[in-house]
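Take a look at the structure below.
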Amino acid sequence: AFLDTDHVELRRWLIDSGWWRRDGFGRAYARVPAAELPAALQSLRQALDTLDLPTWVAAERARAHRQREQRRAAWFDASRDA
């Protein structure tokens, strides 16, 4: 779902939910160490630790790219037929 979310919204969500923290000026951001995450996030963190995130992200980017190419090809075909 975050592939369709802009970076500002994602950053705000990460701060608000407790995954990241920022300095008082809102300029420096840092990941919250695993041991300091809120209890509610610990089980989710453990589940995420089992994922191969680089492979997952690459697969999702490839899927999104294929979808864009299919839409582009469909638009091109439709504009050529018009």
Side-chain angles (χ1 to χ4, degrees):
F2 287 120
L3 294 176
D4 294 328
T5 302
D6 66 85
H7 71 280
V8 174
E9 183 179 352
L10 176 58
R11 184 176 58 215
R12 186 175 299 122
W13 181 87
L14 289 167
I15 295 292
D16 291 348
S17 62
W19 291 99
W20 282 9
R21 65 177 79 145
R22 64 176 164 231
D23 69 359
F25 300 104
R27 294 184 184 144
Y29 296 86
R31 185 176 174 182
V32 174
E36 297 176 26
L37 285 171
L41 296 178
Q42 288 297 333
S43 62
L44 181 55
R45 179 197 59 83
Q46 290 169 350
L48 290 172
D49 283 347
T50 65
L51 295 177
D52 180 2
L53 290 179
T55 300
W56 179 80
V57 168
E60 287 300 305
R61 285 183 175 160
R63 183 185 61 77
H65 178 73
R66 283 191 306 274
Q67 287 178 337
R68 277 193 308 275
E69 288 300 312
Q70 288 171 347
R71 286 192 307 269
R72 187 184 68 74
W75 177 85
F76 182 74
D77 291 343
S79 65
R80 189 176 49 185
D81 293 341

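Because the structure is a prediction, the values reported are computed rather than measured. We're numbering straight along the sequence, starting at 1.
The CD atom of Glu36 lies 10.5 Å from the CD atom of Gln42; values are rounded to the nearest 0.5 Å. Thr55 contributes atom OG1, which lies 12.0 Å from atom CD of Glu60 (distance to the nearest 0.5 angstrom). The CZ atom of Arg68 sits 11.0 Å away from atom CZ of Arg72, with the distance rounded to the nearest 0.5 Å. We find the CZ-CH2 distance between Arg80 and Trp75 to be 11.5 Å, quoted to the nearest 0.5 Å. Annotation: the span from Tyr29 atom OH to Leu14 atom CG amounts to 10.5 Å, rounded to 0.5 Å.
In this structure, Val32 and Arg21 approach most closely via the heavy-atom pair CG1-NH2, 3.5 Å. When all heavy atoms of Gly18 and Pro38 are compared, the pair lying nearest together is O-CD, 4.1 Å. Nearest heavy-atom pair across Thr50 and Ala47 is OG1-O, 2.6 Å. When all heavy atoms are compared, the tightest approach of Ala40 to Ser43 is O-OG, 4.4 Å. Pairing each heavy atom of Arg45 with each of Ala34, the nearest pair is CD-CB, 3.3 Å. Residues Ser17 and Trp19 approach most closely at OG-CD1, 3.0 Å, considering heavy atoms.
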Between Arg12 and Glu9, is a salt bridge (Lys or Arg N to Asp or Glu O under 4.0 Å) present by the stated rule, with each step listed?
-> CA-CA 5 Å; Arg12 186 175 299 122; Glu9 183 179 352; over 6 Å; no
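A salt bridge is defined here as a Lys NZ or Arg NE, NH1 or NH2 lying under 4.0 Å from an Asp or Glu carboxylate O, and Asp23 with Arg27 fails to meet this definition. Salt bridge annotation for Arg66-Glu69: absent, with no cationic side-chain nitrogen under 4.0 angstrom from a carboxylate oxygen.
Partners of Leu51 according to the side-chain contact (heavy atoms from CB on, under 4.5 Å) rule, which considers only residues two or more places apart in sequence or in another chain, are Leu48, Leu53.
Residue Arg31 places its CZ atom among 12 or fewer non-hydrogen atoms of other residues, nucleotides or ligands, all under 6.0 Å distant.
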